[in-house]
Amino acid sequence: MCGVLGIVGKSPVGPLLYDGLMVLQHRGQDAAGILTCDNQGVVNLRKDNGLVKDVFFKRHMKRLKGNVGIAHCRYPTAGSSSPAEAQPFYVNSPFGIALAHNGNLTNADALRKRIFKDDLRHLNTSSDSEVLLNIFAHEIFQTIGEGSYKLSHEQIFSAVRGVFARCRGGYAVVANIVGIGIVAFRDRFGIRPLIYGYRDTDDGREYMVASESVALASQGFTVIADVRPGEAIVLPIEGEAEGRMCVDDARYSPCIFEQVYLARPDSMIDGISVYRTRMRMGEKLAKKIMREWPDHDIDVVIPIPDTSRTSALELSQKLRLRYREGFIKNRYIGRTFIMPGQAERRRSVRQKLNALDLEFGGKNVLLVDDSIVRGTTSRQIVQMARESGARKVYFASAAPPVRYPNVYGIDMPAATELIANNRTIEQIEKIIGADRLIYQDLNDLIDSAREGNPQITEFDTSCFSAKYVTGDVDERYLSGLELLRNDGAKKHKPSSPSALRDVSQLN
């Protein structure tokens, strides 16, 4: 999970990119980067580890000149957390191309070998985003031929077709081609989100593309459409936006975990309101409780902030129970799900949440969370509720059990780190210390999202169902991924082999 963003403006876009990244900060807290290009073709780049506010200072923003640019906020699913892994990435030839990417290539290892042997290109990092960049650059070079100095939209679309032919997995890409503008494209299944829009100024029309609609809305852009699976969009410096389908077998299968947890509730993804989806998740979970536990003795419903609030409130209303805020959140602590290791996640839970004894004392409480992934947070929160005087602690997950790895850009790589993997609900209930555990049914989750856009009939539910929509994920792949990306591997991950410094030397 990362946040990507691109703007073609009529005035300097650095401040807009910064503000857009702040809105997308929930998608990645490990690193951030902004690249801009001015009218003379000079590329300026600043990227480093850290939150957006800690990476960019006034001296950096002054030097991020230009009316075109892309930006990225990252959390690591693969590779190291070295500053060299931060995005965007840049190559000089052809024309000068920069790229930022959200997702994960399932055939990245094979592509690295082919890039070196066939394309004669050297990769500087272990990031699959750099793989994507070099493949895109090579495909553009193949379309224009030697000695050509012009690049048409049709040639760009042809290059994207070449990328789709070679790259598998889930990916949403924004790329800046010097002198041309922004190119955005999305994998043939539409797993990772991407949306674009415009705003009119006195100097003309500006375009923006981002991971979530909330980034466009915050900067006053009107949504045109979601980038469709297998589609490429060219947002030119001069002229109108142009889109083209670049595959023949596109199939809408967006990641349903965006609706559960990843996206902001005020975003629209593929025409689906995240907020409304979470409301429906709470409603369906309440119906399950009434169906399977009609004689419950719940006194109060308490959400685990922030993502579960919408579902918990709707659940409490359907059950006609009191809704109370029992946990106060420290907003200066990041999202525990995307903390880089188990020890860090465990330590940050107590720093992040503080229980209000008044809401727990002598009551049977139903805690509601959006999902349970590793179980570390859930176990500590149940314990906090008991320490605050709760008589009984019940736990409800607005999502089904997360039993399988996610390979399309979410940090769920190791099955052994997932509390629900190879365990029954009763076993999970005992591990987290709850008096009763209730999970959402998968069909109810799918219906909650599908109701927002009935035209989407399939979602990527791989972390719940083990059904990988790309069709190229097997046990061998999952085993290799687990060795590479589990918490133990991250703890001992070396830095990238060679670190290319920012082209603008903004440190």
Side-chain angles (χ1 to χ4, degrees), residues 256-269 271-327 329 353 355-356 358-373 377-378 381-382 385 390-402 420 425-426 428-429 432 434-454 456 459 461 464:
I256 205 164
F257 210 75
E258 291 279 353
Q259 302 289 336
V260 171
Y261 174 82
L262 301 183
R264 272 182 43 157
D266 45 347
S267 281
M268 297 285 294
I269 295 180
I272 301 172
S273 165
V274 177
Y275 175 75
R276 292 286 185 182
T277 297
R278 291 174 185 170
M279 284 182 63
R280 292 188 287 268
M281 288 161 58
E283 179 182 352
K284 292 181 185 298
L285 192 56
K287 289 180 178 178
K288 180 176 182 178
I289 292 174
M290 289 188 288
R291 184 174 64 250
E292 298 185 358
W293 191 18
D295 58 342
H296 68 79
D297 58 350
I298 302 167
D299 296 319
V300 62
V301 175
I302 294 177
I304 298 170
D306 282 321
T307 321
S308 66
R309 279 197 174 105
T310 308
S311 296
L313 181 57
E314 191 70 12
L315 180 148
S316 70
Q317 291 176 346
K318 293 297 178 182
L319 294 179
R320 298 185 179 181
L321 293 171
R322 284 180 295 165
Y323 171 93
R324 292 291 186 268
E325 293 286 345
F327 295 101
K329 181 179 179 181
L353 296 177
L356 283 171
L358 290 173
E359 298 298 346
F360 289 95
K363 299 173 185 175
N364 298 336
V365 300
L366 175 63
L367 304 180
V368 180
D369 207 350
D370 53 80
S371 59
I372 305 172
V373 180
T377 300
S378 304
I381 288 174
V382 169
R391 186 166 58 241
K392 293 182 179 179
V393 181
Y394 307 123
F395 204 101
S397 168
V402 177
I425 293 176
E426 289 73 21
I428 303 166
E429 181 180 278
I432 68 172
D435 293 294
R436 185 159 185 157
L437 174 61
I438 306 101
Y439 274 106
Q440 183 84 265
D441 291 334
L442 180 56
N443 287 337
D444 284 344
L445 174 61
I446 294 172
D447 288 344
S448 296
R450 182 184 291 151
E451 190 173 327
N453 184 356
I456 299 178
F459 291 87
T461 62
F464 307 119

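Bear in mind that the values here come from a model prediction, so they are computed numbers and not experimental data.
Every residue two or more places apart in sequence or in another chain that forms a side chain to side chain contact (heavy atoms under 4.5 Å, CB included) with T310 is listed here: Y275, R278, M279. Annotation: salt bridge (charged side-chain N to carboxylate O under 4.0 Å, His left out) contacts of E258 (sequence neighbours excluded): R27, R192. Legend: residues meeting ring-ring contact (aromatic ring centres under 6.0 Å, His included) with F395, ordered by chain and number and at least two apart, are absent. With sequence neighbours left out, Y439 forms a ring-ring contact (aromatic ring centres under 6.0 Å, His included) with no residue at all. Considering only residues two or more places apart in sequence or on other chains, F360 meets the ring-ring contact (aromatic ring centres under 6.0 Å, His included) condition with F327. In terms of the salt bridge (charged side-chain N to carboxylate O under 4.0 Å, His left out) criterion, residue partners of R450 (sequence neighbours excluded) are, by chain and number, D447. Residues passing the side chain to side chain donor-acceptor pair (under 3.5 Å) test with T461 are S465, sequence neighbours excluded. Partners of S267 by side chain to side chain donor-acceptor pair (under 3.5 Å), not counting sequence neighbours, listed by chain and number: E212. In this view, M268 and S213, S273 satisfy the side chain to side chain contact (heavy atoms under 4.5 Å, CB included) rule, not counting sequence neighbours.
Looking at S448 and Q259, their side chains never come closer than 4.5 Å, going by heavy atoms from C-beta outward. Proximity of Y394 to I289: side-chain heavy atoms (C-beta onward) are nowhere separated by under 4.5 Å. With a 4.5 Å cut-off on side-chain heavy atoms, I269 and T277 do not count as touching. Using a 4.5 Å cut-off on side-chain heavy atoms (C-beta onward), L285 and S311 make no contact. Annotation: side chain of V393 is not in contact with side chain of I381 (no heavy-atom distance under 4.5 Å).
Summarising the geometry of V260 relative to S371, their closest heavy-atom pair is CG1-CB, 4.2 Å, with the distance given to 0.1 Å. Across all their heavy atoms, V274 and A263 have their closest contact at CG2-CB, 4.0 Å. In terms of heavy atoms, P305 sits closest to P303 at CD-O, 3.4 Å.
Atoms CD and NZ, on E292 and K287 in that order, are 14.0 Å from each other to the nearest 0.5 Å. How far CZ of R291 is from CG of D441: 6.0 Å, rounded to the nearest 0.5 Å. Going from atom CG of L353 over to atom OG1 of T377 covers 8.0 Å, rounded to the nearest 0.5 Å. The distance from the CD1 atom of I302 to the CD atom of E359 is 6.0 Å, given to the nearest 0.5 Å. We find the CD1-CD1 distance between I304 and I372 to be 8.0 Å, quoted to the nearest 0.5 Å. In this structure, CG in L437 is found 6.5 Å from CD1 in I428, a value given to the nearest 0.5 Å.
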Evaluate F464 against I446 for side-chain contact (heavy atoms from CB on, under 4.5 Å), listing each step before the verdict.
CA-CA 11 Å; F464 307 119; I446 294 172; over 6 Å; no

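With Q440 contributing its side chain and A399 its backbone, the two residues share no donor-acceptor pair below 3.5 Å.
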Can I get a per-line list of side-chain donor-acceptor pairs under 3.5 Å for residues 315-326, giving both atom names and the distance, sequence neighbours left out?
residue, atom, partner, partner atom, Å
S316, OG, L313, O, 2.7
Y323, OH, E325, OE2, 2.9
E325, OE1, R309, NE, 3.3
E325, OE1, R309, NH2, 3.3
E325, OE2, R309, NE, 2.9

Table please: side-chain donor-acceptor pairs of residues 361-370 below 3.5 Å, with sequence neighbours left out.
residue, atom, partner, partner atom, Å
K363, NZ, L358, O, 3.4
N364, OD1, R391, NE, 3.3
N364, OD1, K392, N, 3.4
N364, ND2, D297, O, 3.1
N364, ND2, D297, OD2, 3.2

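Aromatic ring pairs are classed by plane angle as parallel below 30°, tilted from 30° to 60° and perpendicular above 60°; the pair F257 and Y261 is tilted.
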